[in-house]
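Working notes, structure below.
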2 protein chains.
Amino acid sequence: MTDTDMNTDAHNGIDYSMLQSRIGYMLRRAQMAYFDIFAEACAKEGITPGLFGILAIVYRNPGLTQTAVSSALDVDRSAMVAAIDKLEEMEVMERRKSQNDRRSYALYLTDKGKAFTDRLNRTVIERESDFEHFLNEDDREWLLKILDRIVQAKKGN
Amino acid sequence: MTDTDMNTDAHNGIDYSMLQSRIGYMLRRAQMAYFDIFAEACAKEGITPGLFGILAIVYRNPGLTQTAVSSALDVDRSAMVAAIDKLEEMEVMERRKSQNDRRSYALYLTDKGKAFTDRLNRTVIERESDFEHFLNEDDREWLLKILDRIVQAKKGN
DNA sequence: TTTAAATTGTTTATGTGTCAAACAGTGTGC
DNA sequence: GCACACTGTTTGACACATAAACAATTTAAA
């Protein structure tokens, strides 16, 4: 990189230096980029990224309550209601009355839901993989580890 | 990491394996974590992350039009109107009539705005730095490079 | 030169998502 | 038994992204 184009975007000649060195900002931009292809893969299966998260958690952890899932995904539990309504409407998830606690529901995937989530997961992995030609396996693993460290660091304030 | 807690969050015992291996998802979570401290640093100076972005671009690229800034930050140009109204109200930025094109404005920081952005930038850097004790300088540089690669990769679809 | 098309800043409407508060029903602990 | 906490749920407020439309202005085509 030469002296003249340092800190300057090649395409539009704009100096991003004050933002490009902020991890917070670069995470946002990278997330926006990934979100597009993630959302596109989900849309292909008739679903949204938010619903994918719920399916992915319940797939691996059947029987969780709505609040437990909302907590796992770090979203408000009031947002679960409409989301799970929709998933039930699609007949991929079902609310079963909890045995020990009559306030809550236990969430399970239907057989259709398991197959659906499997296919969805493969689609997402495949679509991400197509996009990730600029990352080798080591890069990818390292990035995931660093990102996890960031997420964990936040929990302890 | 033992076999029993692999793919399982230590705190709540939930299996995140389907999400934890998705870069798109991890970027989202990491971005949420960073956004909190970024927004907090901005709030301390009476501003929002979005406005910080505009200040950072105009600081380094005085004279840009509103559309050019919106394009640089990848937001809709209609969102610029209220944002720059507020920055003018704070007397940190000003719209000057463009010489060659009477449709557009050229954006400049006031002296107050330059000092403000300097202080704001220091606050953000300092606050991020406090949070980044789990990253060494090599990690940080590497992460920024990877994130930039992701952002650039998206441009070429 | 005249005319059609594109661009600028702006407003408006619409959807979407987040957030806080409240509620009835139910569980827990003193 | 009683106060308190938790569940799913609804509601309203607020921000934010998206799209469409508009007048003024510039650019390109004929």
Side-chain angles (χ1 to χ4, degrees), chain A residues 12 25 28-29 31-36 38-40 42-43 46-54 57-58 63-89 93-108, chain B residues 12 25 28-29 31-36 38-40 42-43 46-54 57-58 61 63-89 93-108 154:
Chain A
N12 52 22
Y25 179 75
R28 191 179 100 88
R29 295 302 293 261
Q31 193 266 325
M32 284 170 63
Y34 254 91
F35 184 82
D36 282 352
F38 191 93
E40 182 190 321
C42 287
I47 215 172
T48 65
L51 296 181
F52 174 83
I54 298 175
I57 290 293
V58 176
L64 285 185
T65 67
Q66 294 185 191
T67 301
V69 173
S70 76
S71 167
L73 294 171
D74 212 18
V75 301
D76 199 282
R77 67 190 208 275
S78 63
M80 286 291 111
V81 182
I84 295 179
D85 282 353
K86 188 169 293 184
L87 292 174
E88 273 195 324
E89 207 173 308
M93 188 175 288
E94 59 182 16
R95 289 185 242 234
R96 296 187 199 159
K97 284 199 205 304
S98 177
Q99 300 280 4
N100 20 353
D101 190 338
R102 288 187 300 175
R103 290 171 303 180
S104 63
Y105 296 113
L107 299 175
Y108 292 91
Chain B
N12 53 21
Y25 179 76
R28 191 178 99 87
R29 295 302 292 262
Q31 193 266 327
M32 284 170 63
Y34 254 91
F35 184 82
D36 282 352
F38 192 93
E40 183 190 321
C42 288
I47 215 172
T48 65
L51 295 182
F52 174 82
I54 298 175
I57 290 294
V58 176
N61 308 269
L64 286 186
T65 67
Q66 294 185 190
T67 300
V69 173
S70 77
S71 167
L73 293 171
D74 212 18
V75 300
D76 199 282
R77 67 195 151 97
S78 63
M80 286 291 111
V81 182
I84 295 179
D85 282 351
K86 188 169 294 184
L87 292 174
E88 274 195 324
E89 206 173 310
M93 187 175 288
E94 60 182 15
R95 287 185 245 234
R96 297 188 200 158
K97 284 199 205 303
S98 176
Q99 301 279 4
N100 21 351
D101 190 336
R102 287 187 299 173
R103 291 171 302 179
S104 62
Y105 296 113
L107 299 176
Y108 291 92
K154 187 56 190 357

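Chain letters run A, B, ... following the sequence lines, proteins first, then strands; residues in each count from 1. As a basis for the values below, the full set of heavy atoms in this structure was taken, side chains included, without hydrogen atoms, waters or symmetry mates.
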Review point. Hey, does A:T65 reach any base, or is it just sugar-phosphate, or nothing, if we go heavy atoms under 4.0 Å?
Key: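 Answer is sugar-phosphate: A:T65 comes under 4.0 Å of backbone atoms only.
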Practice item. Classify the nucleic acid contact of A:S78 as base, sugar-phosphate or nothing, counting any heavy atom under 4.0 Å across all strands shown. Key: base
Starting at atom [atom1] of [X], determine the distance to atom [atom2] of [N], rounded to an integer number of angstrom.
| X | N | atom1 | atom2 | answer |
| --- | --- | --- | --- | --- |
| B:F35 | C:dC19 | CZ | C1' | 14 Å |
| B:L73 | D:dC16 | CG | P | 14 Å |
| B:N100 | D:dT25 | CG | P | 15 Å |
| B:E94 | C:dG9 | CD | C1' | 18 Å |
| A:D74 | C:dG17 | CG | C1' | 15 Å |
| A:K97 | C:dG27 | NZ | C1' | 16 Å |
| A:I54 | C:dG17 | CD1 | C1' | 13 Å |
| A:R95 | D:dT7 | CZ | P | 15 Å |

Exercise for review: Return the 5'-most residue of the pair A:D76, A:Q99 with respect to DNA chain C, ranking by each residue's nearest nucleotide.
Suggested key: A:D76
Exercise for review: In sequence, state the C-alpha distance, the side-chain angles, and the governing distance for B:R96 and B:E94, and then conclude on salt bridge (Lys or Arg N to Asp or Glu O under 4.0 Å).
Suggested key: CA-CA 6 Å; B:R96 297 188 200 158; B:E94 60 182 15; 2.9 Å; yes
Review point. Hey, is the side chain of B:R103 pairing donor to acceptor with the base of C:dT7 inside 3.5 Å?
Key: yes
Check your understanding: So which one's nearest nucleotide on DNA chain D is more toward 5', B:R77 or B:D101?
Key ->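 Result of the comparison: B:R77.
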Practice item. Assess the pair A:F52 and A:F38: is the distance between their ring centroids shorter than 6.0 Å? Key: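 Yes - the distance between ring centres of A:F52 and A:F38 falls below the 6.0 Å cut-off.
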Review point. Which atoms form the tightest heavy-atom contact between A:L51 and A:I47, and what is the distance?
Key: CB-CG1, 3.6 Å
Check your understanding: So how far is it from B:L107 CG to B:S98 OG, rounded to the nearest 0.5 Å?
Key -> 10.5 Å
Practice item. With the side chain of A:S104 defined as its heavy atoms from C-beta on, choose the nearest nucleotide among D:dG8, C:dT8, C:dT11. Key: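 Of the options given, the side chain of A:S104 lies nearest D:dG8.
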Check your understanding: Does B:R102 have a side-chain nitrogen or oxygen under 4.0 Å from the phosphate oxygens OP1 or OP2 of D:dT26?
Key -> yes
Check your understanding: Donor-acceptor pair, A:E88 side chain versus A:R95 backbone, under 3.5 Å?
Key ->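 Yes, A:E88 side chain to A:R95 backbone: donor-acceptor pair under 3.5 Å.
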